[in-house]
Undergrad: 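Quick one: this structure, given as structure tokens, is what I'll be asking you about.
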Amino acid sequence: MHQEPLVVVKPHSSIVLIGNNLGSRMLNFGTFETEMQLRYPTDSLVIRNMCDGGDTPGFRPHSGRVSPWAFPGAEKFQTELAQSSGSEGAFETPDEWL
């Protein structure tokens, strides 16, 4: 039985990792990036690791940002974290960096 690939990598693809401490620890070891470049040597891939410890899919608390939420409405999915942080920062969110 033939199974379709989960991700299709095309030439000049940009690959962005967004996650928590598991992904941020990958910054200490270049194995993922090395493996991707070895598998696709002529594709000129751009790989960016934006993982940060403490982040969740919906909650990304940082003192430099006004909102700790990853997207509008995320507070509905994580009610235990739905409190105002009182942050007054002005930094962009990782999604805006993309």
Side-chain angles (χ1 to χ4, degrees):
M1 183 169 123
H2 177 69
Q3 186 175 4
E4 293 294 322
L6 294 174
V7 176
V8 177
V9 178
K10 298 177 183 176
H12 307 287
S13 289
S14 292
I15 300 168
V16 180
L17 304 175
I18 298 176
N20 59 13
N21 207 39
L22 177 63
S24 71
R25 295 284 295 157
M26 290 172 58
L27 292 169
N28 298 329
F29 310 96
T31 53
F32 176 77
E33 290 88 346
T34 301
E35 185 64 31
M36 292 300 290
Q37 299 295 351
L38 287 172
R39 288 185 185 212
Y40 304 96
T42 61
D43 288 349
S44 300
L45 301 178
V46 174
I47 302 171
R48 188 168 180 193
N49 187 335
M50 295 176 56
C51 298
D52 196 12
D55 285 359
T56 71
F59 184 69
R60 300 178 190 153
H62 296 278
S63 60
R65 295 189 206 126
V66 174
S67 174
W69 303 108
F71 54 89
E75 65 276 5
K76 296 175 187 172
F77 300 101
Q78 293 184 273
T79 55
E80 73 279 5
L81 302 172
Q83 354 180 352
S84 175
S85 65
S87 295
E88 296 181 12
F91 288 126
E92 299 88 5
T93 65
D95 298 338
E96 290 173 312
W97 298 339
L98 296 175

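Since we're looking at a predicted model, the values are computed, not measured.
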Undergrad: Does the side chain of Met36 come within less than 4.5 Å of Asp43's, by heavy atoms?
TA: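 Sidechains of Met36 and Asp43: no contact.
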Undergrad: Are the side chains of Val16 and Met50 in touch, meaning some heavy atoms are under 4.5 Å apart?
TA: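 Yes, at least one pair of side-chain atoms sits under 4.5 Å.
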Undergrad: Testing the basics here: between Gly53 and Ser24, what is the closest heavy-atom pair and its distance to 0.1 Å?
TA: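 Closest heavy-atom pair between Gly53 and Ser24: N-OG, 3.9 Å.
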Undergrad: Looking at every non-hydrogen atom in both residues, tell me the closest pair between Gly54 and Asn20 and how far apart they are.
TA: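 What the structure gives for the nearest pair is N-CB, 4.5 Å.
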Undergrad: Assigning hydrophobic clusters by single linkage (Ile, Leu, Val, Met, Phe, Trp, Tyr; side-chain heavy-atom cutoff under 4.5 Å), is Leu17 placed with Tyr40?
TA: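 In one cluster with Leu17: Tyr40, yes.
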Undergrad: Do Phe32 and Asn49 come within less than 4.5 Å of each other through their side chains, counting heavy atoms only?
TA: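 The answer is no; the side chains never approach within 4.5 Å.
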Undergrad: Count I, L, V, M, F, W, Y as connected when their side-chain heavy atoms are under 4.5 Å apart, and connections chain through other members. Are Leu45 and Met26 then in the same cluster?
TA: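 They do share one cluster, since a chain of ILVMFWY contacts under 4.5 Å joins Leu45 to Met26.
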Undergrad: Considering all heavy atoms of both residues, which atom of Pro5 and which atom of Val8 are nearest to each other, and what is their separation?
TA: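 Closest approach of Pro5 to Val8: CG-CG2, 4.2 Å.
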Undergrad: For Leu38, I'd like to know if atom CG has over 12 heavy atoms of other residues, nucleotides or ligands within 6.0 Å.
TA: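 Count over threshold, so yes.
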Undergrad: What about Leu27 and Ile15, same hydrophobic cluster or not, with Ile/Leu/Val/Met/Phe/Trp/Tyr joined at side-chain heavy-atom distances under 4.5 Å?
TA: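 No, it is not one cluster - the side chains of Leu27 and Ile15 are not joined through contacts under 4.5 Å.
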